[in-house]
There are 2 protein chains.
Amino acid sequence: MTNQRDIARLAKTSLKTVSRVINRDPLVNEATRQRIQKIIDETGYVPNEAARMMRSQRSNIVGFLSEDVATTSSSIDLVRGAQDVAHAFGRQMMLFNIQRGDTSETEALAQLARFRAEACILATSFHREVTLPRTDMMTVLLNCYDAGGTVATVLPDDRQLGHDLTTEILRRGYRRPLFLNLAPELAGARLRAEGFLAAGQAMGLDLAGRIRTASAGPDRDYTYFVDQILAEALQDAARPDVLICGQDLMALPVYFALARMGIEVGRDIAVTSFDNLYPLAQLMQPGLTSMDLPYYQMGRVAMQQALSENDSPIRQLVQGQLAERASLPERVTA
Amino acid sequence: MTNQRDIARLAKTSLKTVSRVINRDPLVNEATRQRIQKIIDETGYVPNEAARMMRSQRSNIVGFLSEDVATTSSSIDLVRGAQDVAHAFGRQMMLFNIQRGDTSETEALAQLARFRAEACILATSFHREVTLPRTDMMTVLLNCYDAGGTVATVLPDDRQLGHDLTTEILRRGYRRPLFLNLAPELAGARLRAEGFLAAGQAMGLDLAGRIRTASAGPDRDYTYFVDQILAEALQDAARPDVLICGQDLMALPVYFALARMGIEVGRDIAVTSFDNLYPLAQLMQPGLTSMDLPYYQMGRVAMQQALSENDSPIRQLVQGQLAERASLPERVTA
DNA sequence: TTCTCTAATGACAACGTGAGACAATTGTTA
DNA sequence: TAACAATTGTCTCACGTTGTCATTAGAGAA
C-alpha cells in the first residue's frame, strides 16, 4: 500500500513536505504543494489512519451503538444526525447494531476500546433506563438514561408529547379519550400518562380512569389490547370518541379491529398515536395522526454533546410535534 | 491510556512476556500467565488496535455499507449475519448507513480506505444494478449487481420467489391471480414476473395479461395502484381471486382499499406479497402471506465471500420461502 | 562581497505493538 | 556435577505518520 514515503520518492522531496501538504500546512511553497498533490491524486494515496492515530495519540473516533437499528425507521435519522455532526467536527463514527441480552453490546464496546474511541453514544429503541458497563469513554445516552443520572442524556420529552397530543385532542372537541398506553416499565409510557392527565386537568377534565396499559413490546402482537381492552371499552356507555395508541404499530391492529366492528376511523372514532412511523403512518387509511419526534435533530444534539468538553451529566429534553393526518379530524361537537 | 509497558511494570515482568501472554504464546508458564492476565483484567487493558494494525500490516476490517438500513427491518438481519461471520473470523466490521445520491457512500469508502479495510460489502435495499467507484478492496454486492458482472454478488433468487409463490397460489386452487408488480427498473420485479409467467405455464395457464406495473418506490404511496389499477381490475369480469403485491408495504393500502369496497381479504379475495416485512406482515389482519428471504443467511454468505481468498466474481442466488398466514387460505374451488 | 533574515525544506525521533535473535535464569534429570 | 529443557528477559527493528528542531536557499541590506 502506498505511503507518504512513496509519495516523497516519486515527488523527489522529503517525507515531511509530503506530510505538510497532506495536513494543509501553509508553510509549503504553492508550486511544491501542487506537484505533490498531483502525485497524491495520481497514486490515489490515502493517509493511513492507524498510523495517524498512533502518532497523534488521538483516534478521532466516536462510537454509535444503536439498539435494534431497523425496528424503527426513525433510528436511521438518529444515525444520520449524529453522523453529520461527527463529520463536521472531523471525527469518524463507528456504527454498531446491538441487541438487548446479547453479546453484541459488549463486543461493540470492546472494539471501540481497541480503537481508543473518544466517545460513545448509546441509542435505545425505547425510552427506558439502562445500566452501563464501566468505561472511561465520554458517553451520551440517547432515548435512555442511567440509574445514577451521572451520564449525559438526550431524551424525548414524553411528558410533553402526551400533554400536547391530549391538549390538541381536547381542543378539537373530543372529550372521552382512551389511552392505550405502553407498558409502565417504559419510562416514556409513564411520562406520557402524566402529560395526558395534566392536559386533562388543565381543561378541567379528570382523565384518571381513561388509561389502559399492558405489557407489550415490539415483539408482541397487540391481541390483548385489541381483543380485550378495546372490545370492552367500546361497549361502555362512555364509549371513547378518540383512541390514543402507545405507538403506531399498535394503531395498526386497532384499525383492523375497528373495521371488523364496523367502526370507521375518522368518522365514528378518532385514532392517534406516538412515533409517526415511516412509512406506516401515512400508508394507513385514513392516515394516522401521530406525535413526531425530531430524530435527526436528536442525533445531532447527542453527537454535539459527545464531542463537547463539558462532561457534566446534562439531561436534554427534546420536544415533539403533531404530524396531522386524517385519523383525527376536528370534531363537530354534537 | 494503558499500554503493554504499563502492564509489564505493574506485573514486574518484561514487555516481551506481556506480549507473549496477549498473543497466546504457549511458551509462558501458567502461573505467570495468570498473574499477568489478572493485571490486564484489573486495568482493563485492551491492545491498541492502531498499533496492531500498523505492526501487522493487516487491518482485519471489513466494511458493510447498507443503503437505507432502517427502511426495511430485513436489513438488520443482513447486518447481523455479516457481523457474526466477521466476528467468527476475527475481523471487525465497520458499518455504514449510506443513502443514494448522497456523499455518504463516498465518505464511507474514504473512511474504509483510510483504515485500509480488506473487504467491503455493499447492500442495497432493492435488487438492482449499481455502478461502483473503482477500489482495490475485495467487494461483495448484496442485493445488487454491477453492470460488468465482475464483482462477487449475493442476490435473492427473485425468479424463484415469483415462481414458487405463484405455484403455491395455483396449487391452492386460485386461477385468476393479478400481479401488482414493482417498477420494471428493479431487476427483482422483472425476474419475479418471469417466475410468475413460468409457473403459470407449468400449470398450463397463460398469465401474460395478469401483470400490472407502475413506477413505485418506498417513498411513494401506492395510490395509483390502489385507485386506478385495483379499482379497475375488480370491476373486470375475470375479477382476480388473488392479488400478488410487489411488496408488503403495498399490501397495506391494498387491504384498506379492499375493505373500503367491502371485499374481505381471505374470504372474498386472497392477498400475497413479497418481503415478509417484520412486524407489518403479522400485524395486518388477516396476517399477510408473503415470500420470506433468509436475510441472516444472506449476510453470512456475503461476509464469507468477502473473506474468501477466491476473488473470481461469483454470483450466488439465495432461495426464499413462503411465510404462510391467513391472507392466502386454501381455496375451495367453486 | 558578506551578513542577516525569512521562507522553505529536511532529518530524526517517537507513538504501541509484535516478532526475531539470543542471553540469562531457573529447575530437572542423567 | 554436568547437561538439558523450560521459562523469562534484553535488545533490536519495523510499521506510517507527525512534532520538534535543524538546515538550506534566496532575498535584501550593509
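Note that the structure is predicted; figures quoted are calculated from it, not measured. Just the heavy atoms: all of them, side chains too, but no hydrogens, waters or symmetry mates, feed the values below. So that the names make sense, note that chain A is the first sequence line, chain B the second, and so on, each numbered from 1.
- Between A:Glu105 and A:Arg100 there is no salt bridge, since no side-chain nitrogen of the basic residue lies less than 4.0 Å from a carboxylate oxygen of the acidic one.
- The residues B:Glu118 and B:Arg58 are annotated as salt-bridged, a charged nitrogen and a carboxylate oxygen being separated by less than 4.0 angstrom.
- B:Asp84 and B:Tyr296 share a side-chain donor-acceptor pair at under 3.5 Å.
- Remark: P of C:dG16 and CZ of A:Arg114 are 18 Å apart, rounded to the nearest angstrom.
- Contacts between residues 47-58 of chain B and DNA chain C, defined by a heavy-atom separation under 4.0 Å, are made by B:Pro47, B:Asn48, B:Ala51, B:Arg52, B:Arg55.
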Give every pair of a protein N or O atom and an N or O atom of nucleotides 8-10 of chain C that lie under 3.5 Å apart, one pair per line with the distance.
unit_1, atom_1, unit_2, atom_2, d
C:dT9, OP1, A:Thr32, OG1, 2.6
C:dT9, OP2, A:Asn29, N, 3.1
C:dT9, O4, A:Arg20, NH2, 3.3
C:dG10, OP2, A:Thr13, OG1, 2.6
C:dG10, OP2, A:Ser14, N, 2.8
C:dG10, OP2, A:Ser14, OG, 2.8
C:dG10, OP2, A:Thr17, OG1, 2.8
C:dG10, O5', A:Ser14, OG, 3.4
C:dG10, N7, A:Arg20, NH1, 3.4
C:dG10, O6, A:Arg20, NH2, 2.6

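- When atom types are taken as modelled, the side chain of B:Thr139 and the backbone of B:Met137 share a donor-acceptor pair closer than 3.5 angstrom.
- Rounding to whole angstrom units, CD of residue A:Gln4 and P of D:dC15 are separated by 14 Å.
- In this structure the side chain of B:Phe96 never reaches within 4.5 angstrom of the side chain of B:Leu109, judged on heavy atoms.
- Ionic pairing of B:Arg128 and B:Glu67 is present here: one or more N-O contacts between side-chain nitrogen and carboxylate oxygen are shorter than 4.0 angstrom.
- Protein atom CD1 of B:Ile7 is 15 Å distant from nucleotide atom P of D:dG9, rounded to whole Å.
- Between A:Asp25 atom CG and D:dT18 atom P the separation is 11 Å, expressed in whole Å.
- Under a 4.0 Å N-O distance rule, the pair B:Arg9/B:Asp6 qualifies as a salt bridge.
- Whole-Å rounding puts the B:Gln34 CD to D:dT7 C1' distance at 16 Å.
- A donor-acceptor pair shorter than 3.5 Å cannot be found between the side chains of A:Thr103 and A:Thr106.
- Atom CZ in B:Arg24 sits about 17 Å away from atom C1' in C:dA19, given to the nearest Å.
- Rounding to whole angstrom units, CG of residue B:Asn23 and P of C:dT17 are separated by 10 Å.
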